[in-house]
Every structure is written in structure tokens, then in C-alpha cells.
Number of protein chains: 2
Amino acid sequence: MTVIRLGIVYLTDRLLFNAEPIRTDEFNMNWQDLPNEACSVARTLAVLGDRWTLLIIRDCFNGTRKFDEFQRSLGISRTIVTNRLTLLTKEGVLTKQAYQTKPDRYEYRLTEKGLDIYPILMGIFRWGDKYYAEKEGSPALFKHKNCKRDFHACLVCSECGEPLHPRDVNARHGPGYKTKPRKKK
Amino acid sequence: MTVIRLGIVYLTDRLLFNAEPIRTDEFNMNWQDLPNEACSVARTLAVLGDRWTLLIIRDCFNGTRKFDEFQRSLGISRTIVTNRLTLLTKEGVLTKQAYQTKPDRYEYRLTEKGLDIYPILMGIFRWGDKYYAEKEGSPALFKHKNCKRDFHACLVCSECGEPLHPRDVNARHGPGYKTKPRKKK
DNA sequence: TTATTAAGTATTGTTTCTGTACTTAAGTCA
DNA sequence: TGACTTAAGTACAGAAACAATACTTAATAA
């Protein structure tokens, strides 16, 4: 059974704390191989695509910074909070900074890379709002400081500014495209 | 130990096939309580927020329709493919339609609700592209049929059309806001 | 002296995910 | 006729991740 160490990233739990080579000699894939996929969606989901990470990031945008605040806000296991904050820090989405000493206490803040997750989060909010809101209406409203109006997120073409519909888009391979490093049986 | 049946949804694996009341008498939360959160992000992630669902939906946008195509494309366990397709069909994101009989064969297609996931997916693609692309460039390029140019996804204010930055947004509770149904210890 | 706060670590049990094999029903090849 | 292939799953054992609870450490407050 050959064992090959793949590309870049060791991501969470098992791999986060005990980085081991990934076996590549079987056909099936598990999600820890995702960063090796030649797809930006797959690579992003390798970092953000679990049940809690995006909720932690949502809390960050709401001003949450401390370990216990995250744990209380989400009500999840402290182990998961530790793992996710560690991973997001490693990935450069959050920074961990001491805000006091004796005893040392740390806070977690979004980096620029973290702030760039905003469109994803607003897209998720918009979809949930449209399909899962209470009949009373949205649980949250957003006002744009610039135009002083309530808005919702809107996806447009960066070139012509028109709203984007999936039917109006042609996708093709780009320069970074590689055929999938598919494992042989 | 009191047991209370909560709100709406039974989502995956255990709850998908064997819907049981959710215990609400403990402090900690697990992700199956997410649909009861008064947050559109949490509710969306209860459906889409696992390691594989958004990749299945990505494949749908690429034209994948059949069970075996999903399984081969992602290289994941057939069990997961079954569970995710079943869940997405239940949630109205996909439809399951027979494309032949004797023997019966089905295909899965995006509904309108499914097509509305496009902004989320493009947001995810954009972020991965910015931070995890090969040095050669993006693995995929998108052309807007309307303006005939390569573009990337851009998030703007629905009211004034300006690009949105997190610092320019004020959030507040909306009419559907409820205090969290926090469990008591 | 005891309790509290913050930021974790440790441990155990439950749930989910992974890998492999099997099933069913029809069509195709030799 | 029998073996092989395709499509769409199901079954089940073992591995990984998650959940619940308790514990640790260092300082302050009552």
C-alpha cells in the first residue's frame, strides 16, 4: 500500500493536530482531499464547509471575539470551538491577539481575508430569508450606510453591473485548470 | 427529562429516516437544532452546510443529473449521495424525475429554489479563487452572455447598486426576530 | 476561604461518514 | 445460453467527528 503525501493543507481534527500523509491509493475520496481538487468551490469548502465554521464567522461579523462568547452564542462543544478557531487562525481568516496578560487572554478578529467572506454570508442569509423566514418577516434587516436604505444582497456581473442569472453564464476551464488527481484503484 | 418536539424540520441521516423528537432540556446545541434558530444563516446551513451538499449542487449547475454521475464526480460514498439527494429533494432544492421505465431510472434537477443558490456558489468560488488558486490562475472562467465579457461575481446593494462592504452595513432585528429558544439546564 | 471568569484540555459515548460488498432489473456481447 | 455491463440504489462494519461533561490554571472578587 503506497502512501503519498499530497499538496498543501492539513485541515481539521485529525489532520489539524496530527498531520499525517493522506493515502491516495484508493478510489473513494474523503473531504480532506478537497484542497487538492482543482476547483475553487471545493477548496473553499475544505475550509468553511462544515456545520459550524460559517456560524462562527457570522458571529465575528456581529462583533463576537472571545472564546466563551463563541461557545455561549452557538451553544456547541468547547472542543469544536477550539478546533475551528485554531483552523481559521491557521488559514489566516482570523487573528489571535492577546488583549491582556496575567492571565493571558486572547481575542479572535477577522482579517482582510475573513472580511472577504462577507458576500458568501450575505448570499446565505438572503437564501434562508427567502425560503425559511417566519411569516412575520425576516429575523434581521440591513441598512446601507451610504444610501441609508434597507437592502438585500444582490449579485451582479463585475463588468456590466447587471444582475446575474445562472442561465446567462458560460463557464470554461481557466489557466489553473488541472485534471482531477483521481486515485487509481 | 422532558422531551419537546420542536418546529419544522428533520434534516439528515438520523432525522431524515427516523424522525425523533429533539431534546431541548440541555444547554448544548447540536446542529440539528439549527432550523429552529431565528437566523437565516443558521437555517440555510442546516440544509446546505455540510461537507458535500454544495459540491453536489455545484455539479448540478454543471449539468450533472444522475446518481452515478454524482458519485463518480465526487468520488464519495454512495450512502452519502443517497442521503444528500434525498434531503435536497425533500427540501425542494432538487426534483427527482423518471427519465425511463423498465427499469425505472431517475434524474435530479435543480428547482427554482435550487437555482437561487447560484449567488452563494459564485461567492464561494470567488473567495476560493482569490485565496487558493494556482499561480497559473483560476481553474475556471465565466463569461456573461449578455455583455460577452469574462466577469467575477460582485455583491452590491439592491437599492443603490454600490458594492457592499461589511463596514458600510448596519444590522438590526427584523419582524421575524425571536429570542433564541435556549435550553435550560 | 470560596466563588467566579476566561480559555482552554481530557475523556467518554453517540452520530455520521467511509469503504466495500451486495441487490435488482434490464440490455449487450460472444 | 451465460457472462458482463449499466444504473440506482441498500447493508453493514469500522473510522472519524461531534457532543456532553468534568477538569485545569491563573487571576480577581466577596
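Throughout, a chain's letter reflects where its sequence line sits, starting with A, and its residues are numbered from 1. Model, not experiment: these values are computed from the prediction.
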Would you say A:Lys102 reaches C:dA6's phosphate, i.e. side-chain N/O to OP1/OP2 under 4.0 Å?
no
Examine the side chains of B:Asp129 and A:Ser40 and answer whether a donor and an acceptor come within less than 3.5 Å of each other.
yes
Looking at A:Tyr108, I'd like to know whether one of its side-chain N or O atoms comes within less than 4.0 Å of OP1 or OP2 on C:dA6.
no
Checking side chain to side chain contact (heavy atoms under 4.5 Å, CB included) for the pair A:Thr64/A:Tyr108: CA distance, chi angles, key distance, verdict?
CA-CA 8 Å; A:Thr64 302; A:Tyr108 299 86; over 6 Å; no
Kindly say whether A:Lys113 contributes a backbone atom to a donor-acceptor pair with the side chain of A:Thr111 at under 3.5 angstrom?
yes
Got a donor-acceptor pair under 3.5 Å from the side chain of A:Arg78 to the base of C:dA7?
yes
B:Phe70 atom CZ is separated from D:dT6 atom P, nearest whole Å, by 19 Å
Rounded to whole angstrom units, what separation is found between the CZ atom of B:Arg65 and the P atom of D:dT6?
21 Å
Does C:dT16 have OP1 or OP2 under 4.0 Å away from a side-chain N or O of B:Arg84?
no
Report the distance from atom CG of B:Asp104 to atom C1' of C:dT23, rounded to the nearest whole Å.
16 Å
Using a distance-only test with no angle check, is there a side-chain donor-acceptor pair under 3.5 angstrom linking B:Tyr106 and B:Gln100?
no
Per atom distances to the A:Ser77 side chain, the nearest of D:dA20, D:dA7, C:dA6 is D:dA20
Please report, rounded to the nearest Å, how far the P atom of C:dT5 is from the CZ atom of A:Phe67.
16 Å
Hey, is the side chain of B:Arg105 pairing donor to acceptor with the base of D:dA7 inside 3.5 Å?
yes
Quick one: do B:His144 and B:Arg149 satisfy side-chain hydrogen bond (donor to acceptor under 3.5 Å, both in side chains)? Show the steps, please.
CA-CA 6 Å; B:His144 193 207; B:Arg149 278 177 289 186; over 6 Å; no
Closest to the B:Ile80 side chain: D:dA8, C:dC17, D:dG9?
C:dC17
Of D:dC18, C:dG8, D:dC12, the nucleotide closest to the side chain of B:Thr79 is D:dC12
Atom-to-atom span, CG of A:Asp68 to C1' of C:dA7 - whole angstrom
6 Å
Value in whole Å for how far the P atom of D:dC18 lies from CD of A:Gln71
15 Å
May I ask you to evaluate whether A:Trp52 reaches the phosphate of D:dA19, defined as a side-chain N or O under 4.0 Å from OP1 or OP2?
yes
Find which nucleotide of DNA chain D each of A:Asp50 and A:Thr101 is nearest to by heavy atoms, and output the residue with the more 5' nucleotide.
A:Asp50
How many whole angstroms separate atom CG of A:Asn83 from atom C1' of C:dT9?
11 Å
Please report the distance, rounded to the nearest Å, between CD in A:Gln97 and P in C:dA6.
19 Å
Side chain of A:Tyr99 only, heavy atoms from C-beta on: which candidate in D:dA11, D:dA27, C:dA6 is closest?
C:dA6
